[in-house]
Protein chains: 2
Amino acid sequence: MKIATYNVNGVNGRLPVLLRWLKESQPDVVCLQELKCPQEKFPVKEINAAGYNAIWKGQKSWNGVAILAKNYEIQQVQNTLPGDEEDVQSRYIEAIIDQKVICCLYLPNGNPYPGPKFDYKLAWIKRFKRRTNQLIKMELPAILIGDFNIIPTELDVYKPEKWVDDALFRTEVRKAYMELEKKGWTDSIRKIFPKEQIFTFWDYLYHAYDRNAGIRLDHILLSPYLTPQLKNAGVDKYVRGWEKSSDHAPTWIELE
Amino acid sequence: MKIATYNVNGVNGRLPVLLRWLKESQPDVVCLQELKCPQEKFPVKEINAAGYNAIWKGQKSWNGVAILAKNYEIQQVQNTLPGDEEDVQSRYIEAIIDQKVICCLYLPNGNPYPGPKFDYKLAWIKRFKRRTNQLIKMELPAILIGDFNIIPTELDVYKPEKWVDDALFRTEVRKAYMELEKKGWTDSIRKIFPKEQIFTFWDYLYHAYDRNAGIRLDHILLSPYLTPQLKNAGVDKYVRGWEKSSDHAPTWIELE
DNA sequence: GTACGTTGCG
DNA sequence: CGCAACGTAC
């Protein structure tokens with residue numbers, strides 16, 4: 001079973017690219033982030049026509065997350081991250097697919113640091129940890145998947161010294177990521193490629209993709225129960241080179 | 001010799017449509033209106049690559065006119081309508097091509113009526129008449145061609161009663177058009193099709209093209225000396241049906 | 001650099 | 001409805 005995450009940066013503007021990638025890559029489950037469209041403008045017709053069921057949580061202009069599945073039923077569990085009724089940003093959707101809990105997230109960017117946006121990021125992470133700790137405690141087969149907006153280690157960025165005060169690389173958020181791993185969550189890409197430099201995002205500016213000036217932001221974390229089933233993982237880096245592509249590349253795992 | 005006018009409604013956004021039409025229709029001379037680009041952003045490279053020389057007068061965001069010619073030299077005469085130094089709108093360009101004076105115009109729309117925009121339209125028409133009267137007096141072979149933003153008669157609009165107080169159909173501007181004809185200018189389309197209902201514009205709204213709810217705004221008027229050479233005239237209506245088309249259709253004549 | 005919302009214009 | 005400009009977020 002192939003499970004992927006893709007920050008599309010606008011699902012309607014990106015539809016040709018998304019459909020092409022779906023066709024070529026044939027994932028069973030896909031988590032999308034940054035739909036950038038209100039609930040009623042999600043292109044469900046075209047997604048269905050491509051063979052995928054979908055659930056999604058939209059929002060005008062920003063954020064927005066979705067889960068797609070081919071030949072699997074999608075049982076929605078949550079469409080917000082529990083713990084803050086005031087939070088109106090569409091950044092979390094959770095479903096059960098093929099007996100697994102799929103937690104699709106678009107974690108706040110948090111820039112500029114310091115400031116209220118960074119504070120919001122830390123508060124969001126705190127709420128997220130409560131949810132993930134529950135999943136561990138319940139010993140559920142679960143997957144945390146999406147755009148974490150966290151660069152986990154120095155290996156995951158082309159020039160670490162440039163990023164020390166960036167909200168994506170601040171010690172606070174890297175520590176939070178490490179704590180997830182300590183709790184038992186396994187970083188799939190690092191499990192398969194322990195030492196290799198792998199990126200999932202290249203800025204649109206300054207020809208970052210041509211210079212391979214990338215960072216790793218999109219992660220797929222497996223609960224202890226699922227980790228032994230990890231067969232393979234990868235990034236469809238070539239998609240970033242397509243015309244009119246997102247600034248992220250699709251990232252995926254294969255479970256047996 | 002085939003001479004055409006086309007209000008492109010944004011020359012850069014419309015470039016694929018324009019180039020396709022140029023290739024299929026092979027006009028010798030083309031007058032464009034509503035370039036909607038500053039002087040330096042006119043796509044001269046692509047136009048040249050399609051085989052056309054060009055002169056143009058651009059303006060940021062609005063208006064803008066151009067004259068293109070294939071296998072003919074373009075001798076620019078004016079790039080503003082004489083008579084008002086204060087007028088900064090790019091609505092007029094005049095050139096000599098193959099011994100003919102080509103006056104390419106984008107006459108002000110003038111809506112809403114009444115108001116300062118309508119007043120500007122009337123003032124512009126007054127200045128335009130001075131120019132055209134000079135051309136008649138000098139007995140030059142001349143062509144007034146472009147988007148006149150004037151519906152000449154009731155035959156030229158799908159539902160005349162809806163347009164009585166529209167600046168495109170007000171008696172003041174229709175009278176001005178009739179006066180041009182009295183001075184000796186010949187409406188090419190009407191010369192070839194005296195009684196037929198012919199449109200050159202269909203609004204983007206309310207599926208106007210599908211309902212053929214059109215109007216005739218784009219005109220090609222010939223000076224007395226040239227009128228006997230008129231062989232044919234027409235509107236490339238099908239172009240309005242293309243994907244991402246302008247709200248106007250190309251309009252053309254053939255001179256022998 | 002790219003996408004989306006808004007505004008101005010027609 | 002659709003183009004172009006501008007502001008904003010990333």
Side-chain angles (χ1 to χ4, degrees), chain A residues 7-18 33-38 41 58-64 89 91 106-113 115-118 120-121 147 149 166-168 201-211 213 215 217 240 242-248, chain B residues 7-18 33-38 41-42 58-64 89 91 106-113 115-118 120-121 147 149 166-168 201-211 213 215 217-218 240 242-248:
Chain A
N7 178 321
V8 287
N9 189 14
V11 72
N12 283 305
R14 202 73 61 217
L15 200 54
V17 165
L18 173 61
Q33 302 86 36
E34 283 208 80
L35 304 179
K36 289 187 171 178
C37 73
K41 291 246 180 95
Q59 178 184 338
K60 195 163 88 168
S61 301
W62 292 299
N63 311 315
Q89 299 189 25
R91 295 181 171 279
Y106 174 49
L107 208 142
N109 177 295
N111 276 309
Y113 166 85
K117 296 199 174 183
F118 190 72
Y120 173 66
K121 181 175 193 168
D147 178 358
N149 270 317
D166 192 286
L168 307 181
F201 170 95
W202 297 260
D203 207 300
Y204 286 126
L205 290 83
Y206 317 122
H207 304 241
Y209 182 67
D210 300 332
R211 297 183 294 120
I215 55 185
L217 296 181
R240 179 62 178 83
W242 289 356
E243 278 293 295
K244 300 216 127 227
S245 96
S246 169
D247 39 7
H248 293 251
Chain B
N7 178 320
V8 288
N9 190 12
V11 70
N12 283 303
R14 201 73 61 216
L15 201 54
V17 165
L18 173 61
Q33 301 86 37
E34 282 208 80
L35 304 179
K36 287 186 171 180
C37 73
K41 292 246 180 90
F42 183 79
Q59 177 183 338
K60 195 162 89 168
S61 299
W62 294 300
N63 311 315
Q89 300 190 24
R91 295 181 172 277
Y106 174 50
L107 207 142
N109 176 294
N111 276 305
Y113 167 85
K117 296 198 173 184
F118 190 72
Y120 173 67
K121 180 175 195 168
D147 178 358
N149 271 316
D166 192 287
L168 308 181
F201 170 94
W202 297 260
D203 207 302
Y204 286 125
L205 290 83
Y206 319 122
H207 305 250
Y209 182 67
D210 300 331
R211 298 184 293 119
I215 55 185
L217 295 181
D218 302 275
R240 178 62 180 83
W242 289 354
E243 277 294 293
K244 302 216 128 229
S245 95
S246 169
D247 39 7
H248 293 250

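First the proteins, then the strands, lettered A, B, ... as listed; each starts at 1. Owing to the predicted nature of the structure, the values given are computational and were not obtained by experimental measurement.
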Next on the checklist: Using a heavy-atom cut-off of 4.0 Å across all strands, would you classify Lys117(B) as base, sugar-phosphate, or nothing?
Outcome noted: sugar-phosphate
Next on the checklist: By the definition side-chain hydrogen bond (donor to acceptor under 3.5 Å, both in side chains), identify the one residue from Asp247(B), Asp147(B), Asp218(B) that meets it with Asn7(B).
Outcome noted: Asp147(B)
Checklist entry - Nearest-Å distance, OH (Tyr204(B)) to P (dA4(D))? => result 10 Å
Checklist entry - Rounded to whole angstrom units, what separation is found between the CG atom of Asn12(B) and the P atom of dG2(D)? => result 18 Å
Item to check | Set of side chain to side chain contact (heavy atoms under 4.5 Å, CB included) partners for Lys41(A), sequence neighbours left out | outcome: Asn12(A), Cys37(A), Pro38(A)
Checklist entry - To the side chain of Lys36(B), which of dA5(D), dC3(D), dA9(D) is closest? => result dC3(D)
Checklist outcome for this item: Rounded to whole Å, the CG-C1' distance (Asp247(A) to dA9(D)) equals 11 Å
Next on the checklist: Expressed as a whole number of angstroms, how long is the span from Leu205(B):CG to dC1(D):P?
Outcome noted: 6 Å
Checklist entry - So which one's nearest nucleotide on DNA chain C is more toward 5', Lys60(A) or Ser245(A)? => result Ser245(A)
Next on the checklist: Just the rounded figure in Å: distance from C1' of dA4(D) to CG of Leu15(B).
Outcome noted: 15 Å
Checklist entry - Going from CG on Asp210(B) to CZ on Arg240(B), what distance comes out if it is rounded to the nearest 0.5 angstrom? => result 8.5 Å
Next on the checklist: Arg91(B): which residues meet the side-chain hydrogen bond (donor to acceptor under 3.5 Å, both in side chains) condition with it, sequence neighbours left out?
Outcome noted: Asn63(B), Gln89(B)
Checklist entry - Between which nucleotides of DNA chain C, 5' to 3', does chain A make heavy-atom contacts below 4.0 Å? => result dG1(C) to dT6(C)
Item to check | Spacing of Asp203(B) atom CG relative to dC3(D) atom P, expressed in whole Å | outcome: 14 Å
Next on the checklist: Could you work out, with side-chain hydrogen bond (donor to acceptor under 3.5 Å, both in side chains) as the rule, every residue matching Asn111(B), not counting sequence neighbours?
Outcome noted: Asn109(B), Asp166(B)
Checklist entry - With sequence neighbours left out, what residues match Tyr206(A) under side-chain hydrogen bond (donor to acceptor under 3.5 Å, both in side chains)? => result none
Item to check | Atom pair distance, as rounded to whole Å: CG in Asn7(B) and P in dG2(D) | outcome: 15 Å
Checklist entry - Mind checking what makes side-chain hydrogen bond (donor to acceptor under 3.5 Å, both in side chains) contact with Asn149(A), not counting sequence neighbours? => result none
Checklist entry - How many Å lie between CG on Asn63(A) and P on dA9(D), as a whole number? => result 12 Å
Next on the checklist: Let me spell it out: for each of Arg14(A) and Asn149(B), pick the nucleotide of DNA chain C with the closest heavy atom. Which residue's pick is nearer the 5' end?
Outcome noted: Arg14(A)
